[in-house]
**Q** 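Have a look at the structure that comes next, please.
Order of the sequence lines fixes the chain letters, A, B, ..., with proteins taken first and strands second; residue numbering starts at 1 for each chain. Both backbone and side-chain heavy atoms feed into the values below; hydrogens, waters and symmetry mates do not.
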Number of protein chains: 2
Amino acid sequence: MPEIITQSIQDYLKHIYELNEHGGSASTNDLAARLNIAPASVTGMLQKLASSKPALVVYKKHQGATLTKSGEKAALEVIRHHRLLETFLVTTLGYSWDEVHTEADKLEHVISEDFEARMAEALGNPTRDPHGELIPTADLTMPADKSRPLASLRTDETATIQRVNSRDPNLLRHLDELGLIPNVQLEVIAHSTFDNNLTIKSGRKTHVLGLNITTKIFVI
Amino acid sequence: MPEIITQSIQDYLKHIYELNEHGGSASTNDLAARLNIAPASVTGMLQKLASSKPALVVYKKHQGATLTKSGEKAALEVIRHHRLLETFLVTTLGYSWDEVHTEADKLEHVISEDFEARMAEALGNPTRDPHGELIPTADLTMPADKSRPLASLRTDETATIQRVNSRDPNLLRHLDELGLIPNVQLEVIAHSTFDNNLTIKSGRKTHVLGLNITTKIFVI
DNA sequence: TATAAAATTTAGTCTGACCTAAATTTTATT
DNA sequence: AATAAAATTTAGGTCAGACTAAATTTTATA
Ligand SMILES: [Mn+2]
Ligand SMILES: [Mn+2]
Ligand SMILES: [Mn+2]
Ligand SMILES: [Mn+2]
């Protein structure tokens, strides 16, 4: 019930945050799937997080969980660590963007605030990680994001890739090969009504991308 | 009983290794003191480590523990991580040598072999950490060390500091201020029979050092 | 709107890693 | 060698964070 935010709790909070971003509250099953933990165990943890002092989540039976202010701070803390680490791994150790998630997922829980500060400093206080995702600020607020999914564009629309919201190494490697990475410009050449495929042109290359890809790429 | 070497076990093995280096086997109490764990708990863990397959320690009731071959490999693995991390923190993030122990103590358990390899590469495969301690090789053998404690020198002897065997930040900061760091040359000016103080000259400075310091500094 | 399917919770266990208190053994000192 | 002190082990917990199996509740579908 006290103030100890374990590694395990950090993971719960991080995933609740991400689920809250999309739909409303994070469901037991979605959390269980993401955390690779049995749904029954998730219920138990949510009950604990909801009744801790201070409460980290708001939890109503059968209705999933949302973060309280303290819960959100704790989540942003972990997410800041994660995204700074990813950036650090890429720029100082030559990792590629598809390799950093796994490593950051472990390191994020153990680095000190000093380590965090030194990284941020060394990297020039970056605002986005290698996938283009926003890095929470040092005072733990998440900057606003105005990007929209590539999937929502239609023929003749033009845009710039801002972030790729996926941790699937295969997808990331694939996109890297196609040159579809943050800051790259593209134009929608065609949209297929039936399967929602988009034909896009980027540089001198043209690609036909399915929903599985176009919902993961966010543009501006 | 199986092959899972938890964070906790890694800590036990690391400390058993260090205790084995000095005297013979690592006693329950010494381990308890170093690990900040009750002696009774240490006994329990030693019994487990001794009866795991493969056994990680050799343990005889009331006679402490030594490492088996597998135990030693696992220990050297952690120590290599630790010392590479310390070096990395100093050279890429500007840590000072008194700050690195704490951070490395947490990171050593979670970095991947890939991370280890990238660090070693980036640092040019260093053989010693910032304190001058030897870094186990990539194939997990510990290079031989021929240094002897500064405390064993007598008047007129001359030597070079090779390593400082302490994790006490205050001592490390103090030595840093005195300029007594690895690779620095020194000469013993006097030895006091009663308290074993040594008067040493290094550069143009002279210091009188007690046993508490001279047993921590190793020279060659 | 009944009923089947899916989601979620409850109940009961387990394991790792710790703890304290009470033996027991070893070691040191007279 | 007897006895006191120190070291170590045994016995009997606790606690976090999982799990499975069996309810229960909600949601979807006929
Ligand atoms: Mn932080
Ligand atoms: Mn990322
Ligand atoms: Mn390693
Ligand atoms: Mn060191």
Side-chain angles (χ1 to χ4, degrees), chain A residues 1-16 19-20 22-53 55-66 71 74 78 105-106 108-110, chain B residues 1-16 19-20 22-53 55-66 71 74 78 105-106 108-110:
Chain A
M1 340 282 197
E3 260 299 68
I4 294 163
I5 300 194
T6 64
Q7 201 155 312
S8 175
I9 292 179
Q10 288 179 12
D11 276 332
Y12 275 90
L13 297 177
K14 182 174 71 162
H15 284 104
I16 294 170
L19 288 169
N20 284 174
H22 278 267
S25 77
S27 77
T28 304
N29 261 15
D30 285 357
L31 271 173
R34 275 176 173 256
L35 294 165
N36 241 285
I37 284 174
S41 309
V42 171
T43 300
M45 181 60 97
L46 290 182
Q47 288 167 342
K48 202 175 70 173
L49 297 181
S51 60
S52 74
K53 275 191 324 213
L56 297 170
V57 310
V58 174
Y59 165 70
K60 288 274 180 49
K61 261 191 202 183
H62 296 276
Q63 301 187 178
T66 54
V78 185
D105 269 346
K106 293 180 297 174
E108 65 190 10
H109 307 293
V110 303
Chain B
M1 342 283 198
E3 261 300 65
I4 293 163
I5 299 193
T6 64
Q7 201 154 312
S8 176
I9 291 178
Q10 288 179 12
D11 276 333
Y12 275 89
L13 297 177
K14 181 173 71 162
H15 284 103
I16 294 170
L19 287 169
N20 284 174
H22 278 267
S25 76
S27 78
T28 304
N29 262 16
D30 285 357
L31 272 173
R34 275 175 174 256
L35 294 165
N36 242 286
I37 284 174
S41 309
V42 171
T43 300
M45 181 60 96
L46 290 181
Q47 289 167 340
K48 202 175 69 172
L49 297 181
S51 61
S52 74
K53 275 192 323 210
L56 297 170
V57 310
V58 174
Y59 166 72
K60 287 274 181 50
K61 261 193 200 180
H62 296 278
Q63 302 189 178
T66 54
V78 185
D105 269 346
K106 293 178 298 173
E108 64 190 11
H109 306 293
V110 303

**Q** Can you tell me if A:Y59 touches the phosphate of C:dT8, counting only side-chain N or O atoms and a distance under 4.0 Å to OP1 or OP2?
**A**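 Answer is no, no contact under 4.0 Å.
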**Q** Could you tell me the separation between the CD1 atom of A:I4 and the P atom of C:dA17, rounded to a whole number of Å?
**A**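 One finds 18 Å between P of C:dA17 and CD1 of A:I4, rounded.
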**Q** At under 4.0 Å, does any side-chain N or O of A:Q7 touch on OP1 or OP2 of D:dG17?
**A** no
**Q** Send over the distance from A:L35 CG to D:dA16 P, rounded to a whole Å.
**A**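 One finds 19 Å between P of D:dA16 and CG of A:L35, rounded.
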**Q** Once you round it to whole Å, what is the distance between P of D:dA7 and CG of B:L46?
**A** 16 Å
**Q** A:D30 CG to C:dT8 C1': how many Å, rounded?
**A** 12 Å
**Q** What nucleotide among C:dT20, C:dT8, D:dT20 has an atom nearest to a side-chain atom of A:A40?
**A**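 In terms of side-chain proximity for A:A40, the closest of C:dT20, C:dT8, D:dT20 is D:dT20.
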**Q** Where each residue is assigned the nucleotide of DNA chain C containing its nearest heavy atom, which of B:P39 and A:V42 is assigned the position nearer the 5′ end?
**A** A:V42
**Q** If I take atom CG from residue B:L49 and atom OH from residue B:Y12, how far apart are they, to the nearest 0.5 angstrom?
**A** 8.0 Å
**Q** Quick one: A:K60 NZ to D:dT25 C1', roughly how many Å, whole number?
**A**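 Roughly 17 Å, once rounded to whole Å.
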**Q** Let me know the distance between CG of A:D11 and C1' of D:dA16, rounded to the nearest Å.
**A** 15 Å
**Q** Drop me the distance from B:L19's CG to B:R34's CZ, to the nearest 0.5 angstrom.
**A**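 Taking CG in B:L19 and CZ in B:R34, the distance rounds to 4.5 Å.
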**Q** Return no unless some side-chain N or O of A:T6 is found under 4.0 Å from OP1 or OP2 of D:dG17.
**A**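 Answer yes for this pair, as a side-chain N or O of A:T6 is under 4.0 Å from OP1 or OP2.
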**Q** At 4.0 Å (heavy atoms only), tell me whether B:S8 reaches a base, stays on the sugar-phosphate, or touches nothing.
**A**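 Sugar-phosphate only.
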**Q** So, A:D30 side chain and A:G64 main chain: donor-acceptor pair closer than 3.5 Å or not?
**A**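 Answer holds: no.
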**Q** Taking CD1 from A:I37 and C1' from D:dT20, how many angstroms apart are they, rounded to a whole number?
**A** 15 Å
**Q** Could you check whether any side-chain N or O of A:S27 sits under 3.5 Å from a backbone N or O of A:Q63, counting only pairs where one atom can act as donor and the other as acceptor?
**A** no
**Q** Respond yes when some side-chain nitrogen or oxygen of A:T43 is under 4.0 Å from OP1 or OP2 of C:dT10, and no when none is.
**A** no
**Q** Looking only at atom types and distance, does a side-chain atom of B:S51 sit under 3.5 Å from a main-chain N or O of B:Q47, one as donor and one as acceptor?
**A** yes
**Q** Establish, with yes or no, whether the OP1 or OP2 oxygen of D:dT9 is under 4.0 angstrom from a side-chain nitrogen or oxygen of B:T28.
**A** yes
**Q** Strictly distance-based, threshold 3.5 Å: is any side-chain N or O of A:T28 a donor or acceptor partner for the main-chain N or O of A:A40?
**A**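 Flag not set: sc A:T28 to bb A:A40 has no pair under 3.5 Å.
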**Q** Between B:L49 (CG) and D:dT9 (P), how many Å, whole number?
**A**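 Interatomic distance, CG of B:L49 to P of D:dT9: 13 Å.
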**Q** What's the closest nucleotide to the B:I9 side chain, out of D:dT9, C:dA17, D:dA18?
**A** C:dA17
**Q** From C-beta outward on B:K61, which listed nucleotide comes closest to its side chain: D:dA16, C:dC18, D:dT9?
**A** D:dT9
**Q** Looking at D:dG17, C:dA17, D:dT8, which one has an atom nearest to any side-chain atom of B:H62?
**A**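 Side chain of B:H62 sits closest to D:dT8.
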**Q** So if I take every side-chain heavy atom of B:N29 and compare against D:dA7, D:dT20, D:dG17, which nucleotide ends up nearest?
**A**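 My answer, after comparing the listed nucleotides, is D:dA7.
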**Q** Output the single nucleotide from C:dC18, C:dT9, C:dT8 whose closest atom is nearest the side chain of A:S27.
**A** C:dT8
